[in-house]
Amino acid sequence: TKTGMIACVLQNVAQAAATTLKDFSTADIIRLLLAVAKAKGKPMPAEDKATLFSEAAGMLGPMLHSLSTAEIIKVCLAVGNSSGTRDLLESAAAEAERRLPDMPAPQ
């Protein structure tokens, strides 16, 4: 999503994905959220983005404890500036905070 070329299809992908998200792997959901959140070019309509993120929040929220630390951080990065994801962001941040003692120190 570093190019605006992807933006023209991202809305359609997000709409389709929102209805079939239960068929995606957790890793693919997180990748899609990151792609939508970091997309360049024409902005996606807020309603479509909110629908996707809401569906993802419903799926990811209950399984945060089973995600890897890297996945938790990716969830935080993806939902950090998206509307309608406050509960997921707070839950992911709390899970990341719980894991802080186990995270390796930066080099």
**Study point:** side chain to side chain contact (heavy atoms under 4.5 Å, CB included) partners of I29, counting only residues at least two apart
**Key:** L21, F24, L33, A56, M59, L60
Study note, to complete from the structure: Those residues at least two apart in sequence (or on a different chain) that pass salt bridge (charged side-chain N to carboxylate O under 4.0 Å, His left out) with E95 are R98, R99
Check your understanding: Can you name the residues that form a side chain to side chain donor-acceptor pair (under 3.5 Å) with S68, not counting sequence neighbours?
Key -> E71
Point to revise | Partner residues of S25 under the side chain to side chain contact (heavy atoms under 4.5 Å, CB included) criterion, sequence neighbours left out | key: A27, D28
Which pairs of donor and acceptor atoms, one on a side chain in residues 13-20, lie under 3.5 Å apart (sequence neighbours left out)?
unit_1	atom_1	unit_2	atom_2	d
Q15	NE2	D48	OD1	3.2
Q15	NE2	D48	OD2	3.0
T19	OG1	A16	O	2.8
T20	OG1	A16	O	3.1

Check your understanding: Can you name the closest pair of heavy atoms from C76 and A93 and give their distance?
Key -> SG-N, 3.9 Å
Check your understanding: Is there a path from L32 to V9 through hydrophobic residues (I, L, V, M, F, W, Y) whose side chains come within less than 4.5 Å of each other?
Key -> no
**Study point:** Shortest non-hydrogen contact from P62 toward G58
**Key:** CD-O, 3.3 Å
Revision key, fill the gap. dist L64:CG -> S66:OG (nearest 0.5 Å) comes out at 8.0 Å
Practice item. For A96, enumerate each residue passing the side chain to side chain contact (heavy atoms under 4.5 Å, CB included) test, keeping only those at least two apart in sequence or located in another chain. Key: I72, M103
Check your understanding: Passes side-chain contact (heavy atoms from CB on, under 4.5 Å), F53 versus L88? Steps please.
Key -> CA-CA 9 Å; F53 277 72; L88 179 59; over 6 Å; no
Review point. Are side-chain heavy atoms of L52 and V36 found at a separation under 4.5 Å?
Key: yes
Check your understanding: CD of E47 to NZ of K49: how many Å apart, nearest 0.5 Å?
Key -> 14.0 Å
